[in-house]
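Below is one structure, written out as structure tokens, with a few remarks after it.
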Amino acid sequence: MKLINAFASYEGDLTLITRVNGERVIKREKAQYISYHKYSEISESCLHWLKSSPLVRELIIEPYDHINWLRINWVDYEARQNALWGEKPYCIFESGEHYEGDLSPVMRYLIDNNVEIAKPKRCYIDLETDSRVPFIKAVEGRAAILSWALVDDLGHEKVEVLNRDSYNDEQDLVMSLWQELQQYEQVLAWNGDGFDFKVIKERTKYLGLSVNHRYWLWLDHMLLFKRLNTAAESGDEKTSYKLNDIAQAILGEGKDTLDGSRTWYYWEKGGSDREALVKYNLKDTKLLQQIEKKTGLVDLFQSLCEVTGVLPDTYGLQPVKQVDSFLLRLAKPKGLKFLSKNVVVEHEKFKGAYVMPPEAHGIEKNIHVADFQRLYPSIMISWNMSPETKSETGECLVEATGVRFSKLQGILPFALKKLIDLRKKSSKDRDELPPGTSGWYDANRLSTAYKVAANSFYGVVGSSFSRFFDAQIAESVTQTGAQLIKETIKEAENRGMKAIYADTDSLFVKGVDAEVFKSFVSWCNETLYPQMIERMGCVENDICLAYEKAFDRVVFVGAKKYVGSYLHYKGKRASVESKPEIKGLEYRRGDSVFLARKLQIQVIEKICAGCEDSNIYEEIVQKTMNHVLNEPLSLSEVIISKTLSKEVEHYSVRLKKDGTFSALPRHVVVAKDLIHKGVEVSIGTRIGYVVMDASVRPLTVMYAEEYDGVCDRYYLWDSLVYPPTFRLLSSAFPLHDWTMFQKTRPEKIKPVVPGVVRPRGGKKSSDITAENLVKLQEWLYENKGVVPFIFKLPWKSKKVYVKDKKEAIKVVNEFIRGKVEVQDEKTE
DNA sequence: ATCTCTGGCCTCCGAC
DNA sequence: GTCGGAGGCCAG
């Protein structure tokens with residue numbers, strides 16, 4: 001039996017949805033709220049209490065070779081919760097440990113019966129709601145649904161629109177959506193968790209319709225995309241997760257050009273306007289299906305769910321859930337249980353990977369790169385690292401942390417080996433099939449799913465949200481990795497090579513040719529690592545270093561930031577078409593300005609093509625500089641976009657010494673403004689803005705959509721566009737001076753009072769940021785008759801440099817504190 | 001109903 | 001000017 005969906009109801013039922021011969025079958029069982037206990041630890045009196053308690057439905061002893069488990073079936077969630085974590089006298093287990101007492105009835109059922117996950121019938125939907133209602137209220141179900149559209153992977157599509165603005169008509173509209181959904185089991189929508197799903201559920205309630213939404217698997221396509229899409233090359237694809245921008249990047253086409261914030265207007269006008277709205281609605285929905293067709297990410301997620309045993313809805317996207325499910329399923333037949341996980345433990349920090357600061361100068365040539373294959377899984381396997389094998393008397397020693405593990409195979413290494421074996425098998429299947437066929441895709445997807453699952457193990461062990469969290473184990477993994485890479489560097493240098501960079505599992509080496517490097521890698525695998533493994537008493541050696549690639553030329557801007565052109569990749573020689581490898585540079589970042597990415601990629605391409613003529617680079621920079629400072633700039637060139645990562649109210653604000661609050665990050669200020677205006681903004685929304693004036697603190701910014709061609713060009717160039725390329729050029733050609741393009745903002749110096757001469761080369765002056773310089777100047781002039789200070793006025797700036805320190809600070813502070821009244825309201 | 005981790009670079013802000 | 005914290009996003 002393959003399970004499509006399952007949920008527990010408040011009444012204590014567990015509903016199971018399966019398919020038999022293509023027909024959907026719904027089964028009901030009692031939801032089980034279980035906790036496990038070591039039978040030997042339960043006292044006589046406790047057992048007596050359990051046997052007679054109305055809170056306990058059933059007691060079962062599960063015998064295994066090494067232990068007898070007592071399985072308590074509590075009558076409901078409350079009973080279990082109170083017994084395990086409640087106050088006295090309900091808490092009967094305060095002395096003993098309890099196991100898996102936090103599992104939901106659904107998880108419990110899936111694990112106990114080792115249920116396989118079915119492929120659900122999938123559809124994509126999109127809603128249009130009344131635009132007169134602000135986003136926040138629409139999510140609460142306060143906006144009418146104007147239309148809905150639905151498509152599936154087989155080409156079926158349907159769209160329906162509200163007939164009249166009435167309660168009954170909307171009832172019909174929403175009911176027909178639920179009718180349509182009957183054919184499907186899984187529903188996807190872009191930002192569905194943030195909008196569409198909530199609206200459907202709330203609006204259904206409001207309209208008095210009785211439909212239980214839990215019969216469907218709700219999967220937020222956007223969150224899925226964020227988590228599984230790792231293909232983005234440049235920052236251009238990362239500037240926004242709006243459907244339009246993703247569709248543009250993936251498919252090369254966007255949404256219909258209809259103002260989504262005026263849906264009500266289009267609907268109300270009727271006729272062709274209403275038709276346009278309907279068309280727009282359908283188009284959006286079709287984009288989802290097309291994105292999936294192109295990327296296959298939903299299919300990949302489906303494979304991941306089938307492998308790990310979680311249901312393919314939004315919650316299943318969490319690695320913690322996937323690993324939890326996979327491990328508990330494997331542990332069950334072994335009689336292995338894990339401690340209940342109720343509260344999140346205080347976050348213990350642990351040390352991570354080793355990153356060597358690059359020791360590279362200019363353009364480095366002929367650089368060979370080796371990397372450890374799946375380093376962290378291989379360490380966990382070799383040292384048999386698992387929560388239940390951790391033991392002070394264990395034979396496997398982690399030298400870096402002093403933690404020891406016993407030799408009896410742990411559940412983590414067991415699971416990892418299983419995943420790796422399965423991956424090998426599916427990769428082999430794939431390679432035996434003709435590329436591009438559906439079988440090939442299936443096998444390839446499975447292979448990727450196994451890899452994704454295996455790679456998430458380390459992260460889950462290091463997550464305090466996981467039941468497998470163990471900071472000591474996580475640190476043992478990372479520090480063993482650090483030791484391995486450091487030992488490898490040492491041995492390489494003993495042989496006359498020079499390590500110029502290393503990060504976690506990779507090693508960049510110069511001063512060697514391919515053959516010698518290859519034999520060095522072999523020596524490491526055959527001698528160095530086996531020796532280390534032997535010394536530390538490990539069960540087996542799964543550590544493997546591989547000669548991955550060589551760079552013809554590579555430039556390091558810093559740790560985690562470099563660009564290089566290949567000589568070969570895994571032995572395959574590079575061709576003229578081979579793209580450069582770009583890591584960490586602003587070109588790859590979604591929060592950099594397009595102009596910065598564009599300038600940087602031009603320089604990158606020239607460097608990788610072997611150009612060493614500084615004149616060429618100067619020309620490129622000069623041209624861009626001219627464009628930035630003098631020519632019309634489009635919004636896409638100047639927009640800065642950053643993610644709103646938490647609720648606006650949760651951003652930290654400090655009380656400054658002057659009693660006012662410190663400024664919020666610029667994108668948060670814009671977000672606040674947008675929320676005020678009723679624009680759709682939630683956690684995870686990317687906020688686009690343009691900087692208007694950076695000569696003031698804090699910077700003044702403008703919401704991207706209000707951009708009219710005016711922005712602070714000096715700031716753009718001086719702070720955002722040139723520095724990334726400046727750093728790259730300075731790294732590639734350190735002997736050349738690249739500073740001449742810096743600091744374009746003019747510093748016009750004017751004496752405030754004619755006739756006062758600014759002293760040349762004067763000593764450091766104290767600077768005061770005043771609210772309004774003009775007011776101050778005029779006050780000084782009027783009250784003192786003559787200004788005893790000299791002001792340096794940067795162009796369009798409000799920063800003041802005052803020469804006579806003592807007097808100046810006194811006067812200006814009085815001005816700032818409001819002790820000095822300024823009548824004149826005239827400003828610049 | 002939120003949730004794989006640490007290391008590192010960069011920008012802005014505000015204190016000194 | 002310099003420095004540290006907050007925030008963001010990337011490498012692995």
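By convention in this document, chain letters (A, B, ...) are assigned in the order of the sequence lines, proteins followed by strands, and residues within each chain are numbered from 1.
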Can you tell which of [options] lies closest to the side chain of [X]?
X	options	value
A:Lys351	B:dG7, B:dC5, B:dC10	B:dG7
A:Gln318	B:dC5, B:dG7, B:dC3	B:dC3
A:Val355	B:dT6, B:dT4, B:dG8	B:dG8

Below 3.5 Å between N/O atoms, which protein atoms pair up with nucleotides 2-5 of chain C? Just atom names and distances, please.
none

Over all strands shown, is [X] touching base, sugar-phosphate only, or nothing at heavy-atom distances under 4.0 angstrom?
X	value
A:Thr314	nothing
A:Gly352	sugar-phosphate
A:Lys657	sugar-phosphate
A:Arg727	sugar-phosphate
A:Ser456	nothing
A:Leu699	sugar-phosphate

**OP:** Go through the structure and list residues passing salt bridge (Lys or Arg N to Asp or Glu O under 4.0 Å) with A:Asp542, not counting sequence neighbours.
**Re:** A:Arg374

**OP:** Not counting sequence neighbours, which residues clear salt bridge (Lys or Arg N to Asp or Glu O under 4.0 Å) with A:Glu359? List them please.
**Re:** A:Lys498

**OP:** Between A:Ser662 and A:Pro723, name the one whose nearest nucleotide on DNA chain B is closer to the 5' end.
**Re:** A:Pro723

Any heavy-atom pair between the side chains of [Y] and [X] that's under 4.5 Å?
X	Y	result
A:Val403	A:Lys390	yes
A:Gln742	A:Asp718	no
A:Leu328	A:Leu110	no
A:Lys549	A:Glu581	yes

Subject >> Cationic tip of A:Lys226 above A:Tyr241 ring, under 6.0 Å, 45° of axis >> reply: yes

**OP:** Would you verify whether the NZ or CZ of A:Lys646 falls within 45 degrees of the ring axis of A:Tyr651 while also being under 6.0 Å from that six-membered ring's centre?
**Re:** yes

Original post:
Is the closest basic N to carboxylate O distance between A:Arg686 and A:Asp245 below 4.0 Å?
Top reply: no

Original post:
Are A:Arg80 and A:Asp102 within salt-bridge range, i.e. N to O under 4.0 Å?
Top reply: no

Starting at [atom1] of [X] and ending at [atom2] of [N], how long is that distance when rounded to a whole Å?
X	N	atom1	atom2	value
A:Lys656	B:dC16	NZ	P	13 Å
A:Asp193	B:dT2	CG	P	10 Å
A:Leu412	B:dT4	CG	P	16 Å
A:Gln600	B:dC9	CD	C1'	13 Å
A:Phe469	B:dT4	CZ	C1'	11 Å
A:Met692	B:dC12	CE	P	16 Å
A:Arg597	B:dC10	CZ	P	17 Å

Subject >> ring-ring contact (aromatic ring centres under 6.0 Å, His included) against A:Phe741, all qualifying residues, sequence neighbours excluded >> reply: A:Tyr722

**OP:** Ignoring hydrogens and angles, tell me if any N or O in the side chain of A:Ser466 forms a donor-acceptor pair with the backbone of A:Val461 under 3.5 Å.
**Re:** no

**OP:** Quick one, give me the B/S/- string for nucleotides 7-12 of chain C, reading 5' to 3', where B means a protein heavy atom under 4.0 Å from the base and S means that only happens at the primed atoms, P, OP1 or OP2.
**Re:** SBBSBS

Subject >> Gap in Å between the two P atoms, one belonging to C:dG7 and one to B:dC3, rounded >> reply: 16 Å

**OP:** Between B:dT4 and C:dC10, how far apart are the C1' atoms? Round to whole Å, please.
**Re:** 16 Å

**OP:** State whether the number of non-hydrogen atoms from other residues, nucleotides or ligands found under 6.0 Å of A:Lys341 atom NZ is greater than 12.
**Re:** yes

Original post:
How does DNA chain B look in dot-bracket form if you count Watson-Crick and G-U pairs under 3.5 Å, write [ ] for pairs that cross, and put | where a base pairs with another strand?
Top reply: ....||||||||||||

